[in-house]
Amino acid sequence: GTEVQLQVTGRGAPGNLVPADAASVNLNVGAINAVDRGFLTIYPCGETRPNASSLNYDLGRIASNSVSSKIGVDGKVCIYTSVATNLIADVNAFVPLGGSPEPLLPARLVETRTFAGTGTVDDLNEGTGPLAAGSTLTLQVANRGGVGPAPSTVILNAAAIRGAARGFLTVYPCDDDRPLASTLNYEGGDIIANSVVAKVSAAGTVCIYTSQTTELIVDVTGSIDPVVPFRPAT
């Protein structure tokens, strides 16, 4: 139930400090030997903590995830933990002011579970129950959670919750065939999350396939438009 206010600007490897005017950072965050099952939420300090999870962890385990976070007041990001845990956070990259991807306040776009405190940012894709094995969810991302009307790419955080068996998720643009790839691998009965960079279809959707029955949560943390790399005409 506590949070760390983590100073990120002005820190990093010598010669590679995050500048004071950076828009966002990419962190690798680890929860180590937590006292119970729980989650971290990483968000810009100065904003209200969103209903989102950046990393889901289990009792006594070590879990990590790549997290893109908008930088808040005084160059800080806030890291909230739902239960007591040791924590590590490494900085991998930053987005300069005006750069791409555009950082967003994390917003929940999918929540298949139904209990107090759950839900999505706009009441869509919530409380639908577990995704069936072999099924595909078509997820509208454009014009939701701060994403614009025509993103080329979105940054998502997806979590599989208590899958019925060992399996995987594949996230891909809905106007393409499902690729032979896995975005997130789960053991079954566990809670595990992964950061996903997903191309968006022309209709503003991404598709999420699951090989086994599982509950699912998906948060959006950033968007890209136009396609990166972008080289203006000279």
Side-chain angles (χ1 to χ4, degrees), residues 1-34 38-57 61-82 84-108 145-148 151-159 183-184 192-199 219-234:
T2 63
E3 70 180 21
V4 174
Q5 294 193 5
L6 177 63
Q7 183 73 43
V8 292
T9 59
R11 301 183 68 194
N16 289 283
L17 304 183
V18 179
D21 63 349
S24 69
V25 288
N26 179 268
L27 304 171
N28 196 66
V29 180
I32 302 172
N33 298 332
F39 64 91
L40 302 179
T41 301
I42 301 177
Y43 63 102
C45 291
E47 301 274 6
T48 301
R49 176 166 55 89
N51 177 31
S53 59
S54 306
L55 171 64
N56 299 79
Y57 50 81
R61 304 289 293 273
I62 299 176
S64 64
N65 199 13
S66 177
V67 180
S68 295
S69 176
K70 183 178 180 181
I71 298 174
V73 295
D74 299 325
K76 298 177 180 179
V77 298
C78 283
I79 305 177
Y80 167 86
T81 182
S82 63
T85 186
N86 285 298
L87 177 70
I88 56 175
D90 305 327
V91 63
N92 298 321
F94 68 88
V95 174
L97 188 65
S100 183
E102 178 186 358
L104 302 172
L105 183 69
R108 182 143 297 174
V147 179
S152 65
T153 307
V154 288
I155 301 174
L156 306 172
N157 196 64
T183 306
L184 170 66
I192 189 167
N194 199 16
S195 180
V196 182
V197 178
K199 183 180 178 183
D219 305 324
V220 62
T221 62
S223 66
I224 300 171
D225 186 31
V227 175
V228 173
F230 175 55
R231 299 182 177 90
T234 56

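We count residues from 1, following the sequence as given.
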Q: Would you tell me whether N157 and N65 have side-chain atoms, one donor and one acceptor, within less than 3.5 Å of each other?
A: yes
(Q) For a side-chain contact (heavy atoms from CB on, under 4.5 Å) check, start with the C-alpha distance between V29 and L40, then their side-chain angles and the critical distance, and finish with the verdict. (A) CA-CA 9 Å; V29 180; L40 302 179; 3.5 Å; yes
Q: Measure the CG-OG1 distance between N51 and T41 for me, rounded to the nearest 0.5 Å.
A: 8.0 Å
Q | Test item: N194 side-chain N/O and T183 main-chain N/O as donor-acceptor pair under 3.5 Å | A | yes
Q.
So does A31 get a backbone contact from the side chain of T85, meaning a donor-acceptor N/O pair under 3.5 Å?
A. no
Q | Rounded distance (nearest 0.5 Å) linking atom CZ of R11 with atom CZ of F94 | A | 15.5 Å
Q) Looking only at heavy atoms, what is the nearest atom pair of I79 and L6, with distance? A) CD1-CD2, 4.0 Å
Q: Give the minimum heavy-atom separation between G10 and L17, together with the two atoms involved.
A: O-CD1, 3.8 Å
Q: Using the ring of Y80 (Phe, Tyr or Trp, six-membered ring only), decide whether R49 places NZ or CZ under 6.0 Å from its centre and within 45 degrees of its axis.
A: yes
Q. SG of C45 to CD of Q7: how many Å apart, nearest 0.5 Å?
A. 9.0 Å
(Q) What I want to check is whether the side chains of N26 and N92 have a donor and an acceptor closer together than 3.5 Å. (A) yes
Q: Please determine, by modelled atom types, if E102 and S100 share a side-chain donor-acceptor pair under 3.5 angstrom.
A: no
**Q.** Spacing of N86 atom CG and I32 atom CD1 [to the nearest 0.5 Å]
**A.** 6.0 Å
Q. Could you walk me through whether D90 and L27 pass the side-chain contact (heavy atoms from CB on, under 4.5 Å) check?
A. CA-CA 5 Å; D90 305 327; L27 304 171; over 6 Å; no
Q.
Tell me the closest heavy-atom pair linking A63 and L55, and the distance in Å.
A. O-CD2, 3.6 Å
Q. Looking only at heavy atoms, what is the nearest atom pair of L104 and G146, with distance?
A. CD2-O, 3.6 Å
Q. Has the side chain of S152 got a donor or acceptor atom that lies under 3.5 Å from a matching backbone atom of I224?
A. yes
**Q.** Side chain to side chain, I192 and N56, heavy atoms closer than 4.5 Å
**A.** no
Q) Atom OG in S24, atom CD1 in I71: separation rounded to 0.5 Å? A) 6.5 Å
**Q.** Any side-chain heavy-atom pair of V147 and V154 under 4.5 Å
**A.** yes
Q. Which of these, V8, L105, I42, sits in a side-chain contact (heavy atoms from CB on, under 4.5 Å) with S69?
A. I42
Q.
Any side-chain to backbone donor/acceptor pair from T221 onto P106? Under 3.5 Å, distance only.
A. no
Q: Provide the closest heavy-atom pair for K70 versus V77 in the form atom of the first, atom of the second, distance.
A: O-CG1, 3.5 Å
Q | Close side-chain approach of T81 to L87, heavy-atom, < 4.5 Å | A | no
Q | Nearest atoms (heavy-atom pairs only) where S66 meets S195 | A | O-CB, 2.9 Å
(Q) With rounding to the nearest 0.5 angstrom, report the CD1 to CG distance, I88 to N28. (A) 7.0 Å
Q | Modelled atom types, side-chain donor and acceptor of S64 and Y57, under 3.5 Å | A | no
Q. Is it true that a side-chain atom of E47 and a backbone atom of V73 form a donor plus acceptor pair closer than 3.5 Å?
A. no
